[in-house]
There are 2 protein chains.
Amino acid sequence: MSDHHAKAPPEAATDSRPRRRLFVTETLVERAEIIPPREVSHRLLSVLRLPPGEVVALFNGRDGEWAAVLELAGKRDVRLAVSHRLKRQPVEPELQLCFAPIKQPRIDWLVEKATELGATRLTPVITRRTQMQKLRPERLEAIAIEAAEQCERLSVPRIEPAVALERLLAAWPDDRPLLFCDERGEAPLLALVAPPAPLAMLVGPEGGFAPEETAALRARAGVLPVSLGPRILRAETAALAALSMWLGAGR
Amino acid sequence: MSDHHAKAPPEAATDSRPRRRLFVTETLVERAEIIPPREVSHRLLSVLRLPPGEVVALFNGRDGEWAAVLELAGKRDVRLAVSHRLKRQPVEPELQLCFAPIKQPRIDWLVEKATELGATRLTPVITRRTQMQKLRPERLEAIAIEAAEQCERLSVPRIEPAVALERLLAAWPDDRPLLFCDERGEAPLLALVAPPAPLAMLVGPEGGFAPEETAALRARAGVLPVSLGPRILRAETAALAALSMWLGAGR
């Protein structure tokens, strides 16, 4: 198999970054060979038009980033011959975003941006005023994967099953801070976060939380009501602003 | 005309916030009467289905927020009878976002979110790698107005004419800080901003700035290269992250 690796243009395999990054589920080790699903092969060959011998970067969220050489395995399939590691897997602080599901395309934006901004867990939370959409987790996961491939992230946030706010709060550990992004929150977010500690944030639906939900949240140990500024932000804007503020504070 | 005002449901005119906010260009003073354009009347009567006597909030970016009573002026037109002021016009720190135009729908999203996050000027900047789109300023302005109406902001960011990066830099005052959001920026943004000072930010196109542009920017007095974190953010994400970090730092 070493001749596979010999095919890799040395400059691509060493200095210059591969132009394409691809998330895979397989374990990444030297000389591993990966046959991606048919639709991925189609994207690489027919959409991106990558030639055989092209070096791509692979990541799986566990083993860092690896260079792999694209080879043909039959007419419509590719084989990815893993050569060497480009980056170690970084330790990511846990950053959980709990959000009330919103309509497309806003939820797609939220997932894409939350991935770019470093969220590690995306937890749909059902509130009184949530206009519950039929969530399509596999679709949201595909959006998160594409965003991770684009932004040079080495992991993909986990899309978690939807949970009712009451159940989320009932199960919440007292010692785990939950930043409750509240239109009436007093404290600025930055006063409360201490990156890179594990963190969770909760943003409400269009129309906000119901009064009884706000009361329950404020009564709960571990819940910290925070403000995102003087304006009423849309649900997805609030999520991205909170993630950005945390990212900014963490650096 | 006072009987117009007498029609206003007192509870709506005083305690409870009007449900609808509307940007107008007219001067807002007591007893002013405003006949909005036909399409606005259509939106109020046929889309939002507001009844005569409904109290709406008006703002024009200069005179604060005013309560006005919706009245019929013929079959398809409304008259807005201005009654009293609800909020004073706040002093907004100047926050200029210079951005390379991107394709729809991302540019629409950028304008909407930048409005929610408090940008006061949106300046399209043409760079080497900008895939120049035919900008439609009136369309972007409509998006900014709707976002301002939604987020309870009392002003609308100015959409400025597109300018080439070279011309922007040539005309840039040496003493005016320009935060250059650079993938290779060293300093975190928060280390450099001191809200509520006037501030300008520059984010690049998809594909980033050309090397000669980066060099020119770094050589320019007043330009401060800043980092938005470890990942490669999409153009619109970079803009919103920078605005959010500034918003967070300012509170």
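Chain identifiers are assigned alphabetically (A, B, ...) following the order of the sequence lines, protein sequences preceding nucleic acid strands; residue numbering begins at 1 within each chain. Scope of the values below: all heavy atoms of this structure, side chains included, with no hydrogens, waters or symmetry mates. Remember, it's a predicted structure, so these values are computed and weren't measured experimentally.
Put simply, the side chain of A:R231 reaches to within 4.5 Å of the side chain of B:R153, judged on heavy atoms.
Counting non-hydrogen atoms of other residues, nucleotides and ligands closer than 6.0 Å to CZ of B:R19 gives a total of 12 or fewer.
A cation-pi contact links A:K113 to B:W109, judged by a cut-off of 6.0 Å to the six-membered ring centre and 45° from its axis.
When heavy atoms are compared at a cutoff of 4.5 Å, A:R234 approaches chain B by way of both its backbone and its side chain.
Annotation for B:L117 and A:A241: closest pair CD2-CB, 4.1 Å, computed over non-hydrogen atoms. Minimum heavy-atom separation, A:P230 to B:L247: CD-CD1, 4.2 Å.
No donor-acceptor pair closer than 3.5 Å links the side chain of A:E116 to the backbone N or O of B:T237.
With rounding to the nearest 0.5 Å, the separation of CE in B:M245 from CG in A:L243 is 10.5 Å.
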